[in-house]
Every structure is written in C-alpha cells, then in structure tokens.
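Take a look at the structure below.
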Amino acid sequence: MKADWSTFWPKVLDATGETVYMVLITLALSTVGGLAVGLTLYATRKGGVLPSRFVHAVLGTLINIIRPVPFIIAIVALAPVTRGVVGTMIGTNAAIFPMTVVATFGVARIVESNLLAVEPGVIEAARSMGAGPLRILLTVLVPEALGPLVLGLTFMLVALIDFSAVAGTVGGGGVGNLAMTYGYLRFDTSVMVVTVLVLIALVQSAQLLGNLVSRKVLRR
Amino acid sequence: MTAAVELRDVAKEFPGGARAVDGVSLSVEAGTVFGVVGHSGAGKSTLLRLVNGLEEPTSGSVLLDGQDISALGERRLRPLRREIGMIFQQFNLFRSRTVLGNVLYPLRLAGMGRAAARARAEETLEFVGLAGHGGRYPEQLSGGQRQRVGIARALATRPKVLLCDEATSALDPQTTGEVLALLGRVNRELGVTILLITHEMEVVRTLCDRVAVMEDGKVVESGEVYEVFARPRHATTAAFVRSERHSEPDAPLMERLRSRHPGRLVTLPVTDGSPALEGLSELLQLHGVDFALVHGGVGEVRGRPLGSVTLELRGRPAAVEAVVAGLRVPGLAEAGAR
C-alpha cells in the first residue's frame, strides 16, 4: 500500500518534529556532558592546569572504547542500559540516551582539541595575573576557543541528524523511522525522496546556523 | 633597604636533567630597571618565571620585598602574582575580549567592583596612550598598540614590579622605541621596578640601570650599565656590547681598512674616563706624526659618551711607535701589531 499524500504530509511533519526534538535534546545534553569531559581531559593532561595521569588515562581510554563502535551497534549494545535509564527501548526518548552517550564523547574530543589549539601564552598570562586553574578554564580557555568550538558543535549537530535517522530504523521514531517503515519496507520511492529531502534540509539549516553563530563569535 | 626582587643561588632543573638556571644570585633595587641579556636558550625566560612563581626553583630562594616565595605553593602564590605585572613578546592578549575587557580581567580577578574596575582600566589605558580604544579587539590593533594593551593589563592592579619577557622583540625599531619610552615612564612616573629580559642591547642601553649577562644558565657578568658597556670583562658581554658599539671595527672591516690605509692603524676606545683625542695632538706634534680618521663614532649610553675612533698614523716607524706608546691604551700595542 503506497502512501496517500493527501493524508501523509502530517506524518512527515510529525516525524520531522520528532527528529528535531531528538537532535536538539541530544545536542544540549551532549554539549554539557562533552564540555565537562573535554575540559577534564584537557585539564588533566601532562603539563595541563590540573594534571592527573590517572583521570586522563581513564577518560582517554573510555573515549577510545566508545568512539570506534558503529552507532547502530552502540544502540543495540546500550539497549539494556537504555531500558534501565529511560524505562523503554523504543521511541524517541529511548533513542536520545544512546545518542547522548556517543555524542558526549565525540563532543569531548572536539572540546579537547580546540582547547589545545589555544595559545599557551594566553594561559601563562592569566596565570601571571593570579588566576587559578578552574577560572582559567572557564574564563580564558572556553571563550578563546569558542569560535572553533561552535563549528565543532555544528559538525556534531549534523552527525546527530544522521544518528537520529539510524536510531529511527531500530524503533527510535523520527524521519528515519518514517523512511524505513513507509519508504523502504513498502518500496515507496516517493516517501524515500521526501524523507531524504527533509534530512538534507535539516542538515543545511543546521550548518547555516552553525556558520552564522561561529562567525558572530569570531567577528569575521 | 630590602631589594624588590632578590634571587639567592637559584637553580632550576627540568626533568631530563637540563639546568636552565644554574646558581644565579641577583638583586633588583626598588624603583630601578634591571636587564638580563643573553642568547636564546641562556635561561633568561626561566629566570624571569622564577620571580612570579610560574616556575618553582629546584634550589635556592626567590625573595620579593624580603619575603621568600620559593616554597609557597601555587595557591598562596596567586595573590602575590597580582602585585607583579608581566608582559610578553607575543603580547598574549585575550582575543575574545576587547581592549577594555583585557585590562578589566586582572582587576575583576582581584575582586574589584565593576564600576571601580572600569574607572581604573580606563585610567590605565589613558596612561599608555590608548584612551578611546577600549571597545576595539586586539586583532584590530598594530603590534605596538597590542603591547600597550599588554602593559595596561599588567599595570591595572598597580603592581610594584613589572616583568618584561622580550617585550619589544616582536616590534619594529620605531615601535620598539615608543614602547621603551612608555616603559621608562612606567618606571619614573609610577615608580614601578622593572625586571626585563632581552637579547637586544638597544633595550638595555636606553632603559636599564643595571644589567646581568647570562650564558648557559649562569650570570657571567653584571653591573651598572655604562660600566658593563664601557669595560666588558666577559667574552659574551664583549660580543653583545660590540653589536651595539658599531664604531669598533671587526676583523673583516680591519682587513679592508688596512688595504686602503698603508699606515699604522690604531683604534682608541672612547669612554667618559678616557677621552681618546685628549693630548693626541701634542703627542703627534712632538713626534712629527700625521694622522687620518679612517673609522669610528661616539655615542651615548645613559648620558655618558661611549664609542671608538680608528686612526691611521703616518710618519717614520720609530716616531709612530713612540706615539702608540704614548697613547697608553691598554692592549693597543698588541692589537696594532697584528
């Protein structure tokens, strides 16, 4: 049974709304988590503002374990944990959990590498004024790295749209779910085309927004 | 009188065994400008960072106003650092903050209220000649202006001591002059003690009261600037001073001078203790020797004459030798005979 487009549009709209919801909540959660992990990772490295070999090694290893796992495997592997945390393994909210876990460690690496790109001289200047480690992290490093950080988060935002579509195929809801159940399983090319177009539009808007914000931050 | 900054037999060893600073003792009197010169890698940067505790000494002690800071630990050093300003070769301004924001940063850090901090920051920007530039960002400024912001930021908390890490090395000669003039005002008008490191003797010549020369982590010579310039005792010092005293011919120039001038060449140093040409004309007349000025020049270091003149003496060899002997310049006979 092919989709009846006179009644199908609202489904597309709902699915798009679900995708946006999943992606934005995940971005918000993983930005907070990723900043925390990334800042810790940066601060604890050798010669950092709060060096701790142990913490750095543990976090580094954790990231290196989680990041190479393909997202579709991560969803399935995390499913028992998801059920424990969210209460269910299917639906939009259930998709947000594994997405957040994976994205948090992605953001952490983005944060770390952008903080490392901040000139050490600026940190030394802040130290020479008597600033402590935490203050240097929050009032010097993060503001100085903000432009590239926003671009990094934009990259993550686009990746999350991709993640959300993958999550959709295994019961996560959103545009991905729509494409699978109506487009793929029923061989309906028109649904496939529309969902792909929706995804492209979402990615384009995300990138545009990111460029805009980063340009404002970088004043270029 | 206690020194503003005093190092007592300070050494700093980095992991791997490199001794960046090796048994340095020096004392900077309050209200003076003290320069440390040396080639890159001589340990100057590390030395400077020992003074505000950015580096902890491996041995020896660092005293500020008589207080030993070498064993204080990071947390207790922080409030002390607010009394020591620091400026850098690459300025190290916060790019994400405006000029005013940069100068406000240390004030807010010191817990000053918003309005008071703003007034102080603007007053300081005016002192460095940047009134009205507060709303601009560092990348919109020239190198000289950026260093002025750096100076304003370092002075905002009204420190007693200012540390300068190659502060003019990234600037062109004219801008260097302007920044040095500003640092001179900082010292004279605000009474700030300045400890600077540099590889440019120009900086020492125009700004410093005293100078120490560093090599391989050690101070090889130190003293009042004119004395060190006029009578360097160590080879490294002599090399630094020569680059600033362009008037003294080096070996290749001496070769060229010899090929042009067949007579006996003598180079006479000019210092305030030995005006070179004094008594020269009598001596020449007495022995019937003629002369030509072939090279040289006399400049000023801290308001006192310094330089050299190279003369070609013409006459009978015995008479020329008599003149050379009569000049009584140490080392001249050997130098001339080469």
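Each chain gets a letter, A, B and so on, in the order its sequence line appears, and its residues count up from 1. Worth saying up front: this structure is predicted, and the values here are computed from it rather than measured.
- Within a 6.0 Å radius of CZ in B:Arg118, other residues, nucleotides and ligands contribute 12 heavy atoms or fewer.
- Chain A is approached within less than 4.5 Å, heavy atom to heavy atom, by B:Glu74, B:Arg78, B:Arg81, B:Arg82 from residues 73-82 of chain B, ordered by number.
- Taking a 6.0 Å sphere around CD of A:Gln204, one finds it holds 12 or fewer heavy atoms contributed by other residues, nucleotides or ligands.
- One finds no salt bridge joining B:Arg95 and A:Glu119 here, because no Lys/Arg side-chain nitrogen approaches an Asp/Glu carboxylate oxygen to under 4.0 Å.
- Annotation: the span from B:Glu139 atom CD to A:Leu218 atom CG amounts to 9.0 Å, rounded to 0.5 Å.
- Of all the listed residues (B:Gln89, B:Arg49, B:Glu83), the one sharing the greatest number of non-hydrogen pairs under 4.5 Å with chain A is B:Arg49.
- Across every non-hydrogen atom of A:Arg127 and B:Gly53, the tightest pair is NH2-O, 4.2 Å.
- Atom CG of B:Asn52 sits about 11.0 Å away from atom CE of A:Met129, to the nearest 0.5 Å.
- Once rounded to the nearest 0.5 Å, the distance linking CG of B:Leu109 with CD1 of A:Ile136 reads 8.5 Å.
- Considering only heavy atoms from C-beta on, A:Thr139 comes within 4.5 Å of B:Tyr105 through its side chain.
- For B:Phe88, the part lying near chain A is the side chain, with the backbone staying farther off; criterion is any non-hydrogen pair under 4.5 Å.
- Within 6.0 Å of CD1 in A:Ile90 there are 12 or fewer heavy atoms belonging to other residues, nucleotides or ligands.
- Neither the backbone nor the side chain of B:Phe91 comes within less than 4.5 Å of any heavy atom in chain A.
- Heavy atoms of other residues, nucleotides or ligands lying less than 6.0 angstrom from CD of B:Glu126 number 12 at most.
- Residue contact with chain A, scored on non-hydrogen atoms closer than 4.5 Å, involves the backbone of B:Leu93 exclusively.
- No more than 12 heavy atoms of other residues, nucleotides or ligands lie within 6.0 Å of CZ in A:Phe155, so this atom counts as exposed by the packing criterion.
- The line from CD of A:Glu124 to CG of B:Leu54 is 5.5 Å long, rounded to the nearest 0.5 Å.
- Highest contact tally toward chain A, considering only B:Ala154, B:Gly85, B:Ser96, B:Pro159, is held by B:Ser96 [criterion: heavy-atom pairs under 4.5 Å].
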